[in-house]
There are 2 protein chains.
Amino acid sequence: MTVKRPDSPKRRVTSTDVAALANVSQSAVSRVFAHHPSVSDKMRRAVLEAARTLGYRPNAIARSLITQRSRIIGVAMAYLDNQFYPEVLQSLSRALQAYGYQILLFTADETGAADPMLEQVLSYQVDALLLASVSLSSHIAEECELAGIPVIMFNRTSSTPGAASVTGDNFAGGRQVAEFLVAGGHQRFAYIAGAAESSTNRDREAGFCAGLAALGMAQPMRVPGQYDWQSAQAGTRLLLGRPTRPDAIFAASDLMAIACLEVARTEFGLSVPHDLSIVGFDDVGVARWPSYQLTSFAQPVEAMVSAAVTLILERLESLAAPPRPIVIPGRLIVRQTTRHPAQGLVVEDGERVWRTPSETTEGP
Amino acid sequence: MTVKRPDSPKRRVTSTDVAALANVSQSAVSRVFAHHPSVSDKMRRAVLEAARTLGYRPNAIARSLITQRSRIIGVAMAYLDNQFYPEVLQSLSRALQAYGYQILLFTADETGAADPMLEQVLSYQVDALLLASVSLSSHIAEECELAGIPVIMFNRTSSTPGAASVTGDNFAGGRQVAEFLVAGGHQRFAYIAGAAESSTNRDREAGFCAGLAALGMAQPMRVPGQYDWQSAQAGTRLLLGRPTRPDAIFAASDLMAIACLEVARTEFGLSVPHDLSIVGFDDVGVARWPSYQLTSFAQPVEAMVSAAVTLILERLESLAAPPRPIVIPGRLIVRQTTRHPAQGLVVEDGERVWRTPSETTEGP
DNA sequence: CTGAAAGCGCTTACAG
DNA sequence: CTGAAAGCGCTTACAG
């Protein structure tokens with residue numbers, strides 16, 4: 001009644017094979033590779049030698065089945081053309097590998113439909129799911145939590161209060177951008193929105209509007225967007241085609257800010273920042289490229305990733321920790337796409353940074 | 001003698017639970033979810049309803065253990081700051097998901113050490129490994145093949161003859177760049193190299209040199225590089241600081257070409273392409289950005305990914321197919337960073353493309 | 001079409 | 001410290 005195997009090219013080496021060669025029990029082999037304390041040196045040596053001879057590696061699949069832990073973290077991500085996400089992915093992968101966890105990558109399909117993905121996530125018994133796509137509905141998160149899989153939102157929040165999430169300080173970022181632009185003497189503000197349903201867009205926009213309002217400025221002109229190049233391009237054309245155009249545009253992401261900058265320069269012949277100031281959000285690598293030198297509110301990838309890893313480990317390796325939202329503070333990095341206020345700029349780590357009056361203790 | 005489970009928050013629903021509720025055998029549940037043909041409609045309905053009630057999903061880990069197939073493809077990648085790789089990752093993920101395969105992502109650590117990664121790849125019983133990092137040694141490929149795991153090289157070749165690989169046409173690409181630049185009337189050529197040990201760099205450089213030689217031109221000046229921004233920047237400074245500087249630079253990747261372009265413009269005040277022509281390789285998204293408009297040899301990501309998926313499926317789902325190298329042809333996309341020859345440009349899919357004299361049938 | 005049972009390769013309580 | 005054995009949740013040949 002042996003189960004027939006689909007033509008496996010070669011049988012893999014198992015702990016039983018190693019045990020036979022080393023003349024010990026299969027349990028002993030298992031104990032050696034699990035670094036179980038009660039193993040004699042003699043046995044350890046025998047097992048390791050036999051394992052080396054045969055080229056044995058423990059089968060993580062079998063281990064997962066019995067331990068109920070796959071040491072696999074599902075990561076759902078989209079928008080890989082926004083450089084922020086590859087940066088996160090690389091950093092996250094390194095951080096998790098350091099703790100012995102691997103990443104099973106899920107990307108949304110063209111339609112953005114999350115349900116086929118959900119089935120896979122649940123099937124593969126991932127230990128936790130990191131949801132890093134703004135467009136994926138919270139539904140998937142609820143289903144996973146229901147199935148006992150911890151969900152960590154990344155660069156987004158959940159509608160569920162108290163859910164685990166890591167975000168930059170989107171509201172404060174938006175507000176700082178407003179304060180910075182007002183201090184720089186700008187008069188007519190505009191906002192190029194990210195995806196309407198995303199928490200990042202909602203908070204960045206709310207912060208920007210609140211900041212302007214607090215300083216007695218009119219609310220910004222607003223064009224819709226989707227966190228992509230196309231929509232930012234279209235939005236910029238709309239804004240700059242108006243009879244009285246804005247003199248400061250805040251775009252919901254760096255990618256969108258760069259699209260805006262390109263349109264302003266090449267299609268409208270504007271000089272940035274002389275005719276128009278532009279601010280982005282994320283501070284991705286391209287923001288530093290000489291042709292752009294984009295002023296941007298920095299989301300610190302490393303700190304956000306560390307926080308996410310902390311949340312994951314808390315949920316997996318201890319019972320005590322309740323899920324919670326973590327907000328990572330950021331800084332407004334001031335480069336060449338904005339007219340600058342006379343005061344309030346300080347240098348940190350070789351970058352010029354804006355400090356809002358409330359934050360700085362230096363008087364005039 | 002029940003194995004104690006580390007405090008699992010909730011027991012997951014198994015096929016046995018579903019069987020009990022539906023009053024059928026566990027095998028029946030398994031057959032329904034495996035789409036086994038011999039299942040009565042009545043039973044199928046009963047099972048599916050019970051499954052829905054309980055929120056059952058088959059456990060892919062358990063399935064993997066018995067079928068000896070994880071339906072997981074390991075993907076080893078680095079250089080995620082080179083936009084080419086995120087594009088590949090996104091496309092590959094979609095393509096594999098369509099066939100029911102998932103991606104387990106491995107990234108090289110800071111030291112570039114591949115061995116810890118190797119252990120993980122082998123442990124997780126991936127069905128195949130796609131090696132997409134130029135810096136990872138072929139050693140890891142050999143170990144995997146030895147363990148019965150098919151390895152597909154992506155955007156690199158293997159020293160092992162006949163190994164499975166997918167690459168752009170690096171040699172032809174380099175040669176076309178040479179022919180194009182010579183046709184454009186350039187005189188002094190330079191090459192900014194990618195990582196010295198990489199097959200992509202070797203072939204691109206060899207093609208470029210061969211193309212120049214065939215047209216009776218002197219060999220290019222050469223500066224070393226690492227496929228990154230820093231080295232391209234440094235290399236460009238070296239090249240442009242010479243008493244007789246090149247009038248055409250071919251960089252081994254778009255990322256390097258853009259770094260080169262930035263240095264030429266901002267540090268040397270050169271006008272591109274008036275004073276200097278620059279050509280990249282890959283045709284990533286940023287190459288199309290208005291500030292760059294980079295002439296670049298395009299590696300078609302979709303076609304390369306399709307070929308990789310084909311190779312993977314051939315190895316996994318049929319015995320017949322021997323591993324083989326696949327070379328995907330590319331096109332030299334002509335934009336604004338090069339002086340153009342009077343003839344030989346055609347328009348395809350809205351892009352200007354260079355056709356070498358040997359390829360085109362149109363007379364003068 | 002359906003069920004009972006073996007077995008995938010491990011971990012771990014139990015007994016010595 | 002060590003071994004025999006149960007069991008993780010499936011798939012599948014076998015028998016009916």
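These numbers come from the heavy atoms of this one structure, side chains and all, not from hydrogens, waters or symmetry mates. A note on names: the letters A, B, ... follow the listed sequences, proteins ahead of strands, and every chain is numbered from 1.
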Under the salt bridge (Lys or Arg N to Asp or Glu O under 4.0 Å) test, which residues partner Arg45(A), sequence neighbours left out?
none

For Ile149(B) and Leu129(B), which heavy atoms make the closest approach, and how far apart are they?
CG2-N, 4.0 Å

Of all heavy-atom pairs between Val151(B) and Glu145(B), which one has the smallest distance, and what is that distance?
N-OE2, 3.1 Å

Atom pair distance, as rounded to whole Å: CG in Asn59(A) and C1' in dG7(C):
14 Å

Below 4.0 angstrom from OP1 or OP2 of dG9(C), is there any side-chain N or O of Gln125(B)?
no

Rounded to the nearest angstrom, tell me the gap between atom CD in Gln68(B) and atom C1' in dT12(D).
13 Å

So if I take residues 19-44 of chain B and measure heavy-atom distances to DNA chain C, which residues fall below 4.0 Å?
Val24(B), Ser25(B), Ser27(B), Ala28(B), Arg31(B), Ser38(B), Val39(B), Ser40(B), Met43(B)

Map every base of DNA chain C to its dot-bracket character, where paired means a Watson-Crick or G-U wobble contact with both distances under 3.5 Å and | marks a partner outside the strand.
|||.||||||||.|||

In whole angstrom, give the distance that lies between atom CZ of Arg63(B) and atom P of dG9(C).
18 Å

Less than 3.5 Å apart, any donor N or O on the side chain of Ser70(B) or Ser64(B) sitting next to an acceptor on the other?
no

Using the C1' atom as the reference point in each nucleotide, state the distance between dG16(C) and dT12(C) in Å, no decimals.
16 Å

Any side chain to side chain donor-acceptor pair (under 3.5 Å) pairs touching residues 23-32 of chain A, not counting sequence neighbours?
Ser15(A)-Gln26(A)

Considering non-hydrogen atoms only, spot the tightest contact between Val88(A) and Val305(A) and give its length.
O-CG2, 4.1 Å

Kindly write out the residues that satisfy salt bridge (Lys or Arg N to Asp or Glu O under 4.0 Å) with Asp127(A), not counting sequence neighbours, or none if the list is empty.
none

Side-chain N,O (Tyr56(A)) to OP1/OP2 (dC10(C)) below 4.0 Å
yes

Side chains of Gln97(B) and Gln120(A) only: does a donor on one sit below 3.5 Å from an acceptor on the other?
no

Identify, with sequence neighbours excluded, every residue that meets salt bridge (Lys or Arg N to Asp or Glu O under 4.0 Å) alongside Arg44(B).
none

Return the value, rounded to whole Å, for the distance between atom CG of Leu65(B) and atom P of dG7(D).
17 Å

Using whole Å, what does the distance between atom C1' of nucleotide dT12(C) and atom CD1 of Ile66(A) come to?
8 Å

